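Per chain, numbering begins at 1; letters A, B, ... match sequence-line order. Keep in mind that what you see is a predicted model, and the values were worked out from it rather than measured.
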Number of protein chains: 2
Amino acid sequence: MEIPKELRDSGLKATLPRLKILELFQQSDVRHLSAEDVYRLLIRDNIDVGLATIYRVLMQFAEARILWRRQFEGERAVFELSASEHHDHMVCVDCGKVEEFIDEAIERRQSLIAKQRGFMLRDHSLSLYGSCSSCTALAPNTLK
Amino acid sequence: MEIPKELRDSGLKATLPRLKILELFQQSDVRHLSAEDVYRLLIRDNIDVGLATIYRVLMQFAEARILWRRQFEGERAVFELSASEHHDHMVCVDCGKVEEFIDEAIERRQSLIAKQRGFMLRDHSLSLYGSCSSCTALAPNTLK
DNA sequence: TTTGATGCAAAGGATTTGCAAATTT
DNA sequence: AAATTTGCAAATCCTTTGCATCAAA
């Protein structure tokens, strides 16, 4: 029995697509994957699966809190393992690189602000958009 | 000559659709409007315009920094006048209401974090998701 | 076996694009 | 007149659904 507890706990059946998708997120060094990304990677590994299934599983994983669904401005949705610590994102608008960060001061202010307004906080999303050091170094005048 | 400076400065021709769309954002008491919203409002005012034009103009306005394009998690894109102060958003996941807020402490931390990582900050988006006071009051047990 | 899951193809919703006609400068 | 812009319809992109078949419990 090697069914990962995440799956077991979710009440979802341990099917091949689900096992492989979970495995993919756990092993991939790329943290954020879109449905299409997952699809390509599985196909590349000779795993016969349909895109629709990917979308369904990703959605179920998000509901089961196994994954987080993120949608950066104007981009397609991406998913990432939720097992990791909560964090925010810094997205390079030039090369697309995504760095993660966490700032306790900001976290605290958010809770405070929500509380002050009688808001029951469920989730939040903070993304900084800009040019990473590599990109500004490579093309300092390309900034349009 | 009553061509708004925003338009004049943008280099875009002062066409009826553009004038009306700008006017709409400046007069509407609703801050966030989707392309579809704008379309309906203009049609309602007997202004014959196509949806495609709305999308094009909204995009051009965003590029010209007249409007900001926002995309809250899983929702369609909405636009808002950028003339107003910068602010973040608090979205009620139950009724959809959007409140705005600004917190200097958070703003400062963001700049600091970006600077520490050699990131040239261009924009950022912070959205808190939760249940507003009205919704938690009305249906305290409906939280699924 | 019973229930849930999958793949495929079709359907959807939001947004974009090609193009000829209409408008602005 | 020259350069844009528009409306329409068709095209795209991403995501969701219907359904008959297949697999897990």
Between [N] ([atom2]) and [X] ([atom1]): distance, integer Å:
{"X": "R69(B)", "N": "dA14(C)", "atom1": "CZ", "atom2": "P", "result": "13 Å"}
{"X": "R8(A)", "N": "dA24(D)", "atom1": "CZ", "atom2": "P", "result": "14 Å"}
{"X": "I47(B)", "N": "dT6(D)", "atom1": "CD1", "atom2": "P", "result": "13 Å"}
{"X": "Y39(B)", "N": "dA14(C)", "atom1": "OH", "atom2": "P", "result": "14 Å"}
{"X": "L12(A)", "N": "dT3(C)", "atom1": "CG", "atom2": "C1'", "result": "13 Å"}
{"X": "I21(A)", "N": "dA5(C)", "atom1": "CD1", "atom2": "P", "result": "13 Å"}
{"X": "K20(B)", "N": "dT24(C)", "atom1": "NZ", "atom2": "C1'", "result": "17 Å"}
{"X": "L33(A)", "N": "dC14(D)", "atom1": "CG", "atom2": "P", "result": "15 Å"}

Return yes if the base of dA3(D) and the side-chain atoms of K13(B) contain a donor-acceptor N/O pair under 3.5 Å, otherwise no.
yes
Any side-chain N or O of T15(A) less than 4.0 Å from the OP1 or OP2 oxygen of dT6(C)?
yes
Check whether any side-chain N or O of R18(B) sits under 4.0 Å from OP1 or OP2 of dT5(D), and answer yes or no.
yes
R122(B) side chain to S131(A) side chain, donor-acceptor N/O pair below 3.5 angstrom
yes
Check every strand shown and say whether A35(A) touches a base, only sugar-phosphate, or nothing at a heavy-atom separation below 4.0 Å.
nothing
Where is the tightest heavy-atom contact between A77(A) and Q71(A), given as atom of each residue plus distance?
N-NE2, 4.2 Å
Closest non-hydrogen contact found for H87(B) with R70(B) is O-NH2, 4.3 Å
Tell me, which of residues 48-65 of chain B have any heavy atom that sits under 4.0 Å from an atom in DNA chain D?
D48(B), V49(B), G50(B), A52(B), T53(B), R56(B)
What bend angle does the helix from dT1(C)-dA25(D) to dT25(C)-dA1(D) show across its length, from five-pair end axes and to the nearest 10 degrees?
30°
For a 4.5 angstrom cut-off between non-hydrogen side-chain atoms, does [X] reach [Y]?
{"X": "H124(A)", "Y": "D88(A)", "answer": "yes"}
{"X": "M90(A)", "Y": "L121(B)", "answer": "no"}
{"X": "F119(B)", "Y": "C92(A)", "answer": "yes"}

Start at the 5' end of DNA chain C and walk down; is the nucleotide closest to V78(B) or to L16(B) reached first?
V78(B)
Between R18(A) (side chain) and V57(A) (backbone), is there a donor-acceptor pair under 3.5 Å?
no
With a cut-off of 3.5 Å and sequence neighbours excluded, list every side-chain donor-acceptor pair involving residues 39-49 of chain A.
none

Begin with the C-alpha distance, continue with both residues' side-chain angles, and end with the deciding distance and a verdict on side-chain contact (heavy atoms from CB on, under 4.5 Å) for L58(A) and R69(A).
CA-CA 8 Å; L58(A) 253 21; R69(A) 178 194 155 105; over 6 Å; no
